[in-house]
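Below is one structure, written out as structure tokens, with a few remarks after it.
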Amino acid sequence: MNPTRAELKISVAKLIETAYSTDKGLTAKIVRSQGPFKLAVDQDGKATLSGSAGVLTFSGDPALKAIGAKVKWVSIAFANGEGNLIKYNATFSIGLISITVGGSFDLEALITSCSGLLCRAAKAMQQRNHAYDEQLRNIMGN
């Protein structure tokens with residue numbers, strides 16, 4: 001089963017949410033720092049968000065389970081755009097193929113969506129629903 005590009009973009013949002021729920025302060029510093037930052041996930045689900053402001057390690061498994069395929073690794077490069085805009089380019093290695101998706105999203109919209117989405121990220125990932133995924137799809141673009 002190959003995930004759609006929209007599903008992969010939702011996974012990018014969920015990885016950011018998971019980082020934020022793991023350490024809100026450090027994640028905010030990394031995302032808001034000058035210069036690019038990166039998020040990588042290995043085949044064991046170990047995720048690392050890194051930038052000039054520091055390094056955060058957390059489990060990326062909850063964010064990747066919805067893909068429904070064995071993810072070998074994920075590499076996402078982020079760059080700050082104007083205002084709250086964050087640009088990204090993500091490569092997912094799934095089975096024998098690699099899929100690249102890119103785009104941009106409004107960081108404030110992601111943080112404030114679903115009535116404090118990031119603050120409830122872990123709970124929301126366990127009890128996903130269509131409205132939640134649809135809102136993430138709209139934020140991340142189709």
Side-chain angles (χ1 to χ4, degrees), residues 1-95 98-142:
M1 175 181 153
N2 290 333
T4 66
R5 292 191 181 281
E7 290 170 330
L8 295 177
K9 288 182 177 189
I10 290 171
S11 294
V12 171
K14 288 179 180 180
L15 284 166
I16 295 169
E17 292 171 356
T18 305
Y20 194 87
S21 68
T22 300
D23 188 331
K24 175 177 148 180
L26 182 55
T27 298
K29 286 179 185 176
I30 293 170
V31 171
R32 291 288 186 198
S33 65
Q34 294 298 320
F37 57 101
K38 184 176 181 171
L39 197 157
V41 184
D42 67 16
Q43 65 188 10
D44 298 322
K46 179 182 172 187
T48 304
L49 177 66
S50 60
S52 62
V55 176
L56 174 66
T57 302
F58 59 96
S59 174
D61 281 340
L64 298 175
K65 285 187 180 184
I67 292 176
K70 178 66 177 158
V71 176
K72 290 184 180 178
W73 54 264
V74 179
S75 178
I76 310 167
F78 297 92
N80 293 314
E82 295 195 24
N84 288 323
L85 196 65
I86 304 288
K87 298 175 185 177
Y88 68 93
N89 190 28
T91 302
F92 291 78
S93 177
I94 303 167
S98 291
I99 303 171
T100 300
V101 295
S104 62
F105 60 92
D106 183 313
L107 184 61
E108 186 175 336
L110 183 62
I111 291 170
T112 60
S113 66
C114 293
S115 303
L117 179 66
L118 293 180
C119 297
R120 301 177 314 155
K123 182 175 146 186
M125 280 185 218
Q126 291 175 358
Q127 298 173 354
R128 279 183 48 236
N129 61 43
H130 179 69
Y132 171 72
D133 282 356
E134 187 62 33
Q135 190 162 22
L136 287 179
R137 188 175 290 111
N138 289 335
I139 290 168
M140 301 302 287
N142 291 321

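Only a predicted model underlies this, so the values are computations on that prediction, with no experimental measurement involved.
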Expected output: side-chain [X] to main-chain [Y] donor-acceptor under 3.5 Å:
X     : Y      : result
Lys72 : Gly95  : yes
Arg5  : Thr100 : yes
Asp42 : Asp44  : yes
Asp23 : Thr27  : no

#### Entry: Verdict with supporting geometry, Lys46 and Val41, side chain to side chain contact (heavy atoms under 4.5 Å, CB included)
CA-CA 5 Å; Lys46 179 182 172 187; Val41 184; over 6 Å; no
Value rounded to 0.5 Å, distance of [atom1] in [X] from [atom2] in [Y]:
X      : Y      : atom1 : atom2 : answer
Lys38  : Thr48  : NZ    : OG1   : 10.0 Å
Leu49  : Thr18  : CG    : OG1   : 11.0 Å
Ile139 : Ser104 : CD1   : OG    : 12.0 Å

#### Entry: Pairing residues for Ile76 by the side chain to side chain contact (heavy atoms under 4.5 Å, CB included) criterion, not counting sequence neighbours
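Ile76: side chain to side chain contact (heavy atoms under 4.5 Å, CB included) contacts with Val12, Leu15, Leu39, Val74, Phe78, Tyr88, Ala90.
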Write down the atom of [X], the atom of [Y], and the distance for their closest heavy-atom approach.
X     : Y      : result
Asn80 : Ser33  : ND2-O, 2.8 Å
Gly51 : Phe37  : CA-CB, 4.0 Å
Ile16 : Phe105 : CD1-CZ, 3.3 Å
Ile30 : Gly54  : CD1-O, 3.5 Å
Lys87 : Gly81  : CE-CA, 4.4 Å
Gly83 : Arg32  : O-NH1, 4.4 Å

### Query
Given side chains that start at C-beta, do those of Ser11 and Phe92 come closer than 4.5 Å, heavy atoms only?
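Side-chain contact under 4.5 Å: yes.
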### Message
Looking only at the side chains, is there a donor atom on one of Thr91 and Ser98 sitting less than 3.5 Å from an acceptor on the other?
### Response
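There is no such pair (donor and acceptor under 3.5 Å, judged by atom type) between the side chains of Thr91 and Ser98.
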